[in-house]
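Worksheet: one structure, shown below.
In what follows, every heavy atom counts, from backbone to side chain, and hydrogens, waters and symmetry copies are set aside.
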Amino acid sequence: MIGLGVAGGALLAAWLLTGDRGKKTKEFVSKKAEDLKQAINKRKTDFDDSDVHYV
């Protein structure tokens, strides 16, 4: 069952990266990766733990 999933994923990746779809797929993935990087960086800078916590 796992092998079937891996083979299906490989076929999907091959289909998405061929012809005109290849350029569109690469642009889409790079845009989403950039959006994800910005979201992660924003989350890191928004954290403020200036309150004092006593145990």
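- Atom CD of Q38 and atom CG of N41 lie 8.0 Å apart (nearest 0.5 Å).
- When the shell of 6.0 Å around CG of D20 is examined, it contains 12 or fewer heavy atoms from other residues, nucleotides or ligands.
- In this structure, CG in L12 is found 9.0 Å from CG in L17, a value given to the nearest 0.5 Å.
- Side chain of T25 to main chain of L16: a donor-acceptor pair is present (N/O by atom type, distance under 3.5 Å, no hydrogens or angles).
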